[in-house]
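A note on names: the letters A, B, ... follow the listed sequences, proteins ahead of strands, and every chain is numbered from 1.
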Number of protein chains: 2
Amino acid sequence: MAKIKSKKNGTKKETIVEAASRLFHEKGFSATSMRDLAEKVGVEAASLYNHIQSKSELLQEICFKVANEFMTNIETLDAGALTAIEKINALLRFHIQHMVHHFEEVVVSDREWRHLSDPYLSNIQNQRRIYRKRFAGIIEEGIKNKEIKEIDAPTAVLIILHAVSGIESWHRSKRKISPELLEENMVMILVEGLKK
Amino acid sequence: MAKIKSKKNGTKKETIVEAASRLFHEKGFSATSMRDLAEKVGVEAASLYNHIQSKSELLQEICFKVANEFMTNIETLDAGALTAIEKINALLRFHIQHMVHHFEEVVVSDREWRHLSDPYLSNIQNQRRIYRKRFAGIIEEGIKNKEIKEIDAPTAVLIILHAVSGIESWHRSKRKISPELLEENMVMILVEGLKK
DNA sequence: CCTACCGATCGGTAGG
DNA sequence: CCTACCGATCGGTAGG
């Protein structure tokens with residue numbers, strides 16, 4: 001009876017994953033039931049299973065989509081001919097913009113990946129480790145070049161990545177500054193803190 | 001039969017809350033069952049209810065304990081005669097040390113407070129808002145004094161508080177630097193990023 | 001502190 | 001896409 005309204009350029013599955021992102025962000029993966037999701041989408045719970053295999057698959061979709069986007073970005077960027085500081089600047093801005101525009105899926109993938117099970121769990125853990133190592137490599141490059149002061153690179157990565165996830169509170173705050181101002185402020189505080 | 005082993009200076013309830021911190025951190029509040037908790041403590045699930053009222057009470061204990069510690073700290077510190085930068089330095093170090101030594105309860109209170117229900121939910125949300133405002137106030141003081149460069153104070157607070165929560169990854173990492181080095185690095189990057 | 005058990009809700013399936 | 005329903009598990013209680 002009630003059909004899933006899929007957007008112009010999207011399959012019904014994509015519509016479901018999008019609704020799942022919003023719910024997982026709001027209530028967490030474990031506290032979200034398939035009946036909650038069905039209600040949000042406008043069908044009965046059983047009907048969801050014509051488009052997806054399991055609740056777990058929804059979390060997989062979200063986590064791997066986000067991981068791929070960040071991984072692709074760091075690879076193309078790292079291949080370019082920028083200085084280390086310029087690379088870090090670009091990485092940070094990409095993270096900020098992603099958090100501003102797709103914060104629900106980014107937050108979910110950051111906070112709920114623990115609820116995946118193998119082999120997806122190990123896969124995501126690996127990707128996250130590789131990403132952080134690559135990021136740290138860029139910082140170490142900058143330290144060698146004397147662009148960046150002598151800090152522990154993994155600690156700097158950890159600070160930058162987690163600082164960005166603070167944008168979630170920015171979304172919730174009443175009187176937000178503009179996304180552009182937010183970006184400039186974050187770059188100013190974080191990148192300046194690294195420079196020699 | 002099997003009795004709860006309470007530590008020398010702790011009630012049985014405290015033993016249960018401590019185990020709950022570890023489990024809520026590991027699996028999340030919603031995915032942790034009272035049977036999981038009972039097993040960890042060494043009794044049957046029903047027996048837990050001789051010491052606590054509900055699962056929700058455990059989360060309340062954790063969240064309010066952490067909130068009180070941070071609130072007390074900022075109040076005593078803000079009453080002192082330090083410069084703004086010195087206050088921020090001290091606040092940051094308190095956060096770092098707390099995350100290093102009591103990271104399970106700090107992470108749980110940071111990540112799971114959404115699962116509280118009113119009136120506890122509103123209470124915690126208020127406390128968090130007040131804390132951030134007070135922190136931002138100190139930064140604004142520093143901007144007026146020309147100790148700190150002209151940044152958006154709420155954004156700086158958001159960066160600092162979330163950066164600190166990155167210490168969770170530090171705990172999980174194989175080759176950790178020492179807590180002292182971690183602290184010095186975080187202060188170096190974050191506080192230097194604020195200075196004029 | 002345990003055994004026994006409650007109603008509610010969960011993720012998911014069968015069959016149309 | 002829905003109705004009907006499954007076994008499992010949930011938080012919590014009664015009664016000893």
Side-chain angles (χ1 to χ4, degrees), chain A residues 1-7 10-24 26-63 108 112-118 120-121, chain B residues 1-7 10-24 26-63 108 112-118 120-121:
Chain A
M1 201 70 79
K3 288 196 186 162
I4 298 178
K5 291 170 202 164
S6 46
K7 301 192 178 162
T11 64
K12 289 169 185 173
K13 183 168 171 180
E14 280 163 356
T15 310
I16 295 171
V17 173
E18 218 168 282
S21 285
R22 249 170 298 158
L23 281 171
F24 292 169
E26 190 184 315
K27 318 175 60 159
F29 174 75
S30 294
T32 300
S33 74
M34 296 306 277
R35 278 132 180 116
D36 291 336
L37 179 58
E39 194 188 8
K40 197 92 163 185
V41 168
V43 294
E44 292 301 317
S47 307
L48 294 171
Y49 290 90
N50 290 302
H51 306 286
I52 60 159
Q53 305 267 12
S54 66
K55 185 185 178 186
S56 187
E57 190 197 351
L58 294 167
L59 185 58
Q60 290 160 27
E61 294 270 346
I62 296 166
C63 291
V108 167
E112 309 287 341
W113 60 265
R114 295 152 227 268
H115 295 107
L116 291 171
S117 39
D118 274 324
Y120 307 101
L121 179 61
Chain B
M1 201 73 79
K3 290 198 186 161
I4 298 178
K5 292 169 200 162
S6 46
K7 301 187 179 165
T11 64
K12 290 170 185 173
K13 184 167 172 182
E14 280 163 355
T15 310
I16 295 171
V17 173
E18 219 167 279
S21 285
R22 249 171 296 159
L23 281 172
F24 292 169
E26 190 185 313
K27 320 175 59 161
F29 174 75
S30 294
T32 300
S33 75
M34 295 305 277
R35 278 134 180 112
D36 291 335
L37 179 58
E39 195 188 8
K40 197 91 163 185
V41 168
V43 294
E44 292 302 316
S47 308
L48 294 172
Y49 290 90
N50 290 301
H51 306 287
I52 59 159
Q53 305 268 12
S54 66
K55 185 185 178 187
S56 187
E57 189 197 351
L58 294 167
L59 186 57
Q60 290 159 28
E61 294 271 346
I62 295 166
C63 291
V108 167
E112 310 287 343
W113 60 264
R114 295 153 227 269
H115 295 108
L116 290 171
S117 39
D118 274 324
Y120 308 101
L121 178 61

Along DNA chain C (nearest heavy atom to each residue), the more 5'-positioned of A/Thr32 and A/Asn50: A/Thr32

Proximity to the side chain of B/Tyr49 - top-ranked nucleotide from C/dC2, D/dA4, D/dG12: D/dG12

Geometric cation-pi criterion, B/Lys55 with B/Phe29: 6.0 Å, 45°: yes

A/Arg35 side chain, from C-beta outward: closest of C/dG11, D/dC1, C/dC1: C/dG11

Residue met sooner reading DNA chain D from 5', once B/Ala45 and A/Ala45 are mapped to nucleotides: A/Ala45

For the student: nearest non-hydrogen atoms of B/Ser47 and B/His51, plus distance: O-CD2, 3.8 Å

Distance (rounded to the nearest 0.5 Å) between A/Leu58 CG and A/Glu112 CD: 13.0 Å

Nearest-nucleotide pick for A/Glu44, side chain only, options being C/dC2, C/dT13, D/dT3: D/dT3

Shortest side-chain distance from B/Lys12, nucleotide among D/dT3, D/dT13, C/dC1: C/dC1

Minimum-distance pair of heavy atoms, taken over all atoms of A/Leu121 and A/Asp118: CB-OD1, 3.7 Å

Spacing between B/Leu23 atom CG and D/dC10 atom P, to the nearest angstrom: 12 Å

Proximity to DNA chain C (any heavy atom under 4.0 Å), residues of residues 54-61 of chain A only: A/Ser54, A/Lys55

A/Ser30 OG to B/His115 NE2 distance, which is reported to the nearest 0.5 Å: 8.0 Å

Assigned partner base of D/dC5, Watson-Crick or wobble definition, under 3.5 Å: C/dG12

Rounded interatomic separation in angstrom, taking CE from A/Met34 and P from D/dC1: 13 Å

Interatomic distance, B/Ile16 CD1 vs D/dG11 P [rounded to whole Å]: 14 Å

Separation between CG of A/Leu48 and NZ of A/Lys40, rounded to the nearest 0.5 Å: 13.5 Å

Gap between atoms CG and C1', on A/Leu37 and D/dC1 respectively (whole Å): 15 Å

Contact under 4.0 Å: B/Ser33 side-chain N or O vs D/dT9 OP1/OP2: no

Given D/dT3, C/dG11, C/dC1, the nucleotide with the shortest approach to the side chain of B/His51: C/dC1

Partner set under salt bridge (Lys or Arg N to Asp or Glu O under 4.0 Å) for A/Lys13, not counting sequence neighbours: A/Glu57, A/Glu61

